Amino acid sequence: MSYKLAPSILSADVAKLGEQIKEIDDAGADLIHIDVMDGVFVPNISYGIPVVAGLRGLSDNFFDVHLMITKPFEYISKFVDAGADGITVHVESETPGLDEVIDEIIRCGAKPALAISPDTPIDPLVPVIDRLDMVLVMTVHPGYGGQKIIKDTFFKVAQLRKLIDERGLKTQIQVDGGITLDNIEEVKNEGADIFVAGTAVFKGNIADNMKQFKKLLG
Ligand code: DX5
Ligand code: ZN
């Protein structure tokens, strides 16, 4: 099993974004997690297409764009054109259908992923999981960095692990929200592959934090 660390730049210092992206890249970030929020789907606003395009010039890493927006469908191509390598759409958002979302992400040339918020069961993912590069299990309610992990979401990671293994799929399981050096082992044991961490990477010494995470992920 190879585990991946995906620092979320939501917790980075925006005035030093370029510098800090270089720092996480140098420290071995496997993906760069970019949280896009529209103030409607979630009660917070972050950044959008021009920021992704601007950052693209600074890193060759995989840009993992997590869309927390009400109507993601029409924006998929715009984010891919801006430099997204993977696009994650929430099943709770307004879309023409999940197959259509996956078709569109693939058509644009990116890796497709779907996310479920803490109160959403895995059910909507089951019929389409074979087509997905990644499923994202939110371990906090989307909207803000720095929240406490909701352990009641862990059973869904285990359910997805079982389903993916039974079907012999390569779909990766990502967890996002409240991941720290103290709880990552527990989430890992449930069967997650990719760990998003914002606060726990960017608060304090970034290189040291990255080193400790990488050590725990083996
Ligand atoms: C929450 C975002 C997360 C968040 C993670 O809506 O999707 O990616 O930035 O931050 P931490 O690790 O601080 O919970
Ligand atoms: Zn996220």
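Note that ligands are numbered from 1 as they come in the structure, with each ligand's atoms numbered from 1 the same way. On a predicted model such as this, the values are computed, not experimentally measured, just so you know.
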Pairs of nitrogen or oxygen atoms closer than 3.5 Å, one from [X] and one from ligand 1: do any exist?
X: T199; value: yes
X: A200; value: no
X: I179; value: no
X: V140; value: no

With a cut-off of 4.0 Å, which atoms of ligand 1 are near a heavy atom of [X]?
X: H33; answer: 8 (O)
X: M68; answer: 6 (O), 7 (O)
X: H66; answer: 7 (O)
X: P142; answer: 6 (O)
X: G177; answer: 14 (O)
X: G146; answer: 11 (P), 13 (O), 14 (O)
X: D176; answer: 2 (C), 3 (C), 4 (C), 5 (C), 7 (O), 8 (O)
X: G145; answer: 10 (O), 13 (O)

Cut-off 3.5 Å, side chains only: do [X] and [Y] have a donor facing an acceptor?
X: S59; Y: D25; answer: yes
X: T171; Y: D133; answer: no
X: E92; Y: T120; answer: yes

H90 versus P142, closest heavy-atom pair with distance: CE1-CG, 4.2 Å
Hey, does the side chain of [X] reach the backbone of [Y] with a donor-acceptor pair shorter than 3.5 angstrom?
X: T139; Y: V175; value: no
X: E104; Y: F73; value: no
X: K111; Y: D85; value: no
X: S117; Y: D119; value: no

Carboxylate-amine/guanidinium contact E190 K156, below 4.0 Å: no
N-O pairing of E185 and K188 below 4.0 Å: yes
Interatomic distance, K78 atom NZ to I87 atom CD1 [nearest 0.5 angstrom]: 12.0 Å
Distance in Å, L160 CG paired with I116 CD1, rounded so as to fall on 0.5 Å steps: 5.5 Å
H141 heavy atom under 4.0 Å from ligand 1: no
With D193, the salt bridge (charged side-chain N to carboxylate O under 4.0 Å, His left out) member among K170, K4, R161: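 Considering K170, K4, R161, a salt bridge (charged side-chain N to carboxylate O under 4.0 Å, His left out) with D193 is found only for R161.
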N/O/S atom name from D176 that is nearest to the position of the Zn ion (ligand 2):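 Atom name of the closest N, O or S in D176: OD2.
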Name of whichever N/O/S atom of D35 is nearest to the Zn ion (ligand 2): OD1
[atom] [closest protein heavy-atom partner, distance rounded to 0.1 Å]:
atom: atom 1 (C) of ligand 1; value: Y144 O, 3.6 Å
atom: atom 14 (O) of ligand 1; value: G178 N, 2.8 Å
atom: atom 6 (O) of ligand 1; value: G143 N, 2.8 Å

Identity of the nearest option to atom 9 (O) of ligand 1, non-hydrogen atoms only, from S46, S8, G198, A6: S8
Angular separation of H33 NE2 and H66 ND1 about the Zn ion (ligand 2), given to 10°: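 Answer comes to 100°, rounded to 10°.
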Per-residue contact class, A197 against ligand 1 - non-hydrogen pairs under 4.0 Å: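 Backbone only.
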